[in-house]
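Start at 1 and go down the list; that is how both ligands and their atoms are numbered.
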Amino acid sequence: MRMALIGGTGLDELAWFAARKVNVVSSRFGSAEVIEGKIGGQPLFFLPRHGPSHSTPPGAINYRAQIAALRTLQVDAVIGVCATGSLTPDLPPGSFAVLADFIDMTRRRADTFFDQGPVVHTDFSQPYCPRVSDALRSGCKQAQARYESNGIYVGVEGPRYETPAEVRMYAATGAHVVGMTNVPEAILAKEAGLCYGAIAVVTNLATGLAAEHLRHDDVRASMVKSAEKLQEILSVALMQMPADRTCGCAVNSSLVI
Ligand code: HPA
């Protein structure tokens, strides 16, 4: 199994990752930079979601080029890491959620590989790979992290944070976290037939649930604070990633990159 990690805020400088080579991978969707290296002796691709200098805002990321690049590199399984605001006091900053489902509230993103034919409608009854998700749950357990094991993620367009009324609406759906990067990444990964699981890092309580106003610098600082726990979770998860693809994620994709 060839594995990749997609990370954003706070994960860009992976101190624990021995980088070997930078691949600039082009496809008809554009190009993406994927770093090839090793983690604990195991080969791993790392894709810095916001670009190598963290300069691309969530709404401007070329998610299609990134997922296409992983397919071109013949990656089988992917873990996405994303910073999120919590919709419930039960998941305070510093906690995590292994994603099991999402609600797409994004508005302006290229969110499919199948926009020009052939006509393909992808089943999303199981949005995330169950086996990658199980590996992440093991990681959370072993790291003794506070976490939600069936997290529901609301993907928003940003770059602004939510209003208090939006947060009340999202919380009323039963969702746990809100963020700007997991959608359409999760959609495209599934369309591409990758085994994709995701872990949300709770960096803050969503608007209206905390007294303070929300600032990107605080979100970044909170992500850095969680980095050690996150690395523990990921190390375990990467060791426990599935050795085959019997989960069925691969069989549905008719995508030709
Ligand atoms: N809202 C949206 N995206 C986020 C948040 C938030 O509160 N925190 C980190 N990413």
Does a side chain donor of either [X] or [Y] reach within less than 3.5 Å of an acceptor in the other side chain?
| X | Y | value |
| --- | --- | --- |
| Ser138 | Gln240 | yes |
| Thr246 | Arg131 | yes |
| Asn182 | Tyr196 | yes |

Query - Contact (N/O only, under 3.5 Å) between Leu214 and ligand 1 - result: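 For ligand 1, there is no N or O atom that lies under 3.5 Å from one belonging to Leu214.
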Query raised in the report: Any N/O of Asn204 closer than 3.5 Å to an N/O of ligand 1?
Result: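 N/O-N/O distance below 3.5 Å exists for this pair.
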Query - Protein heavy-atom partner closest to atom 3 (N) of ligand 1 - residue, atom, separation in Å - result: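 Sorting protein heavy atoms by distance from atom 3 (N) of ligand 1 puts Gly179 CA, 3.5 Å first.
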**Report entry** Protein contact of atom 10 (N) of ligand 1 - nearest heavy atom, named by residue and atom, plus distance
**Finding:** Ala83 O, 3.4 Å
**Report entry** Selected option - heavy-atom contact closest to atom 5 (C) of ligand 1, from Gly85, Gly158, Pro93
**Finding:**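 Checking each option, the heavy atom nearest atom 5 (C) of ligand 1 is found in Gly85.
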**Report entry** Winner among Glu162, Glu166, Met223, His216 once heavy atoms are compared against atom 1 (N) of ligand 1
**Finding:**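 Nearest heavy atom to atom 1 (N) of ligand 1 lies in Glu162.
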**Report entry** Residues Arg64 and Asp115 bridged, charged N to O under 4.0 Å
**Finding:** yes
Requested in this report: Could you tell me whether Arg220 and Asp217 make a salt bridge, using a distance below 4.0 angstrom between a side-chain N and a carboxylate O?
Outcome: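 Salt bridge: no.
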Query - Which residues share a ring-ring contact (aromatic ring centres under 6.0 Å, His included) with Phe113, sequence neighbours left out - result: Phe29
Query raised in the report: Counting from 1, what ligand 1 atoms have a heavy atom of Thr203 closer than 4.0 Å?
Result: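 Going through ligand 1 atom by atom, the ones under 4.0 Å from Thr203 are 8 (N), 9 (C).
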Report task. Mark up the atoms of ligand 1 that fall under 4.0 Å of a heavy atom belonging to Val219, in ascending order. Result ->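 Heavy-atom distances to Val219 below 4.0 Å select 9 (C).
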Query raised in the report: At under 4.0 Å between heavy atoms, which part of Thr207 makes contact with ligand 1: side chain, backbone, both or neither?
Result: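 Looking at Thr207 and ligand 1, no heavy atom falls under 4.0 Å.
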Query raised in the report: Taking side chain as C-beta onward, heavy atoms only, is Val201 less than 4.5 Å from Val81?
Result: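 They are in side-chain contact.
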